[in-house]
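The next block holds one structure in the form of structure tokens; read it before the comments.
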Amino acid sequence: MARHRKVWRVLLPATVIVGLLLTATAATYEVVRVHDRTVAAIASGAGGSDRPHPQAGPDRRHRLSLVPRRAALTRPRMPPIPKTTNSRAGRTARSPAGTSELTQLTELTALLRRSAATRTLLEATTHAVADCTLAPDRGLSRLDQVIQSRGELLTSVAAAAVSQIPDGSQLRAELVSALSYSLAADAEFATWLGTISGGACPVPTLSVSSFQAALSDSGLANSAKAEFLRQWNPLAAGFDQPEFGVGQI
């Protein structure tokens, strides 16, 4: 009898331990079963999203990796990022030519030099014809060149940018006026050359009405040039641009 009691004392704890193990196993199985149902519900899209995920065993990460990634399908679509442009380049594309005072003065300087070259050719031609060192027909051909150059120059000056020059519009208007009178004088000088008969030397000048008209238009041109240069020369000196005299342009 004592021997049976000793065996029972040994088996009883073992039985309790086995029972506890079976209970734990059943609980674990229930947890896994509930979790699998939850995973299946999520995979099929039928509810389950409000239920917390149970803490499963170590293979939980593997099983969840089989679930379709619905989050990628429901992620809100972000608005496209607007394209930005280089502010410096944008300003360069929008800026018109000649936006600085120096640039605009430099452009006018180039036009004044063209005017000076045209005047030089005009004076050389009329003096050579008057001195009988140049045939009138050849002089007339040169004057045609002067008239064409002066007309192109007048168009360029009228379109020149002067927005950054103080009183730039008035400055440009004076130069346009001066070149207009000069162009009229050029045409009168050409008419004068057409009246010259061959072999006449010295060539008549002041006695010819067209020559007198040319001198009158030249005087008006010089007055306009003086007004222009009264404004131009101080500006030119401040920006290292050339100064001119009335008889130079």
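Contact between A178 and A221 at its shortest, heavy atoms only, is O-CB, 3.5 Å. The two atoms that bring L235 and I165 nearest to each other are CD1-CG2, 3.7 Å, heavy atoms only. When all heavy atoms of S210 and W192 are compared, the pair lying nearest together is OG-CA, 3.1 Å. Taking all atoms of both residues into account, the shortest heavy-atom contact from S115 to R150 is OG-NH1, 4.2 Å. When all heavy atoms of A237 and E243 are compared, the pair lying nearest together is CB-OE2, 3.6 Å. Across every non-hydrogen atom of P234 and L229, the tightest pair is CD-O, 4.0 Å.
Side-chain atoms of S216 and E188, non-hydrogen and from C-beta on, never get closer than 4.5 Å to each other. You'll find the side chain of E101 stays beyond 4.5 Å of the side chain of Q104, heavy atoms only. Taking the side chain as every heavy atom from C-beta outward, T106 and F239 never approach each other to under 4.5 Å. Two residues are said to be in side-chain contact when any heavy atoms from C-beta on lie closer than 4.5 Å; V162 and L108 meet this criterion. Residues L206 and L215 form a side-chain contact, since some pair of their non-hydrogen atoms from C-beta on lies under 4.5 Å apart. Residues Q231 and P166 fail the side-chain proximity criterion, which asks for heavy atoms closer than 4.5 Å. The closest side-chain heavy-atom distance from W232 to K225 is not below 4.5 Å. Residues L183 and D186 form a side-chain contact, since some pair of their non-hydrogen atoms from C-beta on lies under 4.5 Å apart.
Side chain of S141 to backbone of D137: no donor-acceptor contact under 3.5 angstrom is found.
Rounded to the nearest 0.5 angstrom, S100 OG and L105 CG are separated by 8.5 Å. Within the model, atoms OG1 of T205 and NE2 of H127 stand 10.0 Å from one another, a figure rounded to the nearest 0.5 Å. The CG atom of L140 sits 10.5 Å away from the OG1 atom of T125 when rounded to the nearest 0.5 Å. Distance CZ/R142 to OG1/T126: 11.0 Å, rounded to 0.5 Å. Remark: T195 OG1 to L193 CG distance equals 7.5 Å, nearest 0.5 Å. Distance check, rounded to the nearest 0.5 Å: CG of L102 to CG of D240 gives 9.0 Å.
Cluster annotation: L153 is connected to L112 through the hydrophobic network of ILVMFWY side chains, with a link wherever side-chain heavy atoms come within less than 4.5 Å. L154 and L220 are assigned to two separate hydrophobic clusters, defined by single-linkage of ILVMFWY side chains at heavy-atom distances under 4.5 Å. Cluster annotation: L122 and L111 are assigned to distinct hydrophobic clusters (Ile/Leu/Val/Met/Phe/Trp/Tyr, side-chain heavy-atom contacts under 4.5 Å, transitive). Y181 and L121 sit in two unconnected hydrophobic clusters of ILVMFWY residues. Membership requires side-chain heavy atoms under 4.5 Å apart, directly or through other members.
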CA sep, side-chain torsions, deciding dist, call: S149, R114, side chain to side chain contact (heavy atoms under 4.5 Å, CB included): CA-CA 8 Å; S149 298; R114 286 172 54 187; over 6 Å; no
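Ring orientation note: the planes of F211 and F189 are nearly perpendicular, at an angle over 60° on the 30°/60° scale.
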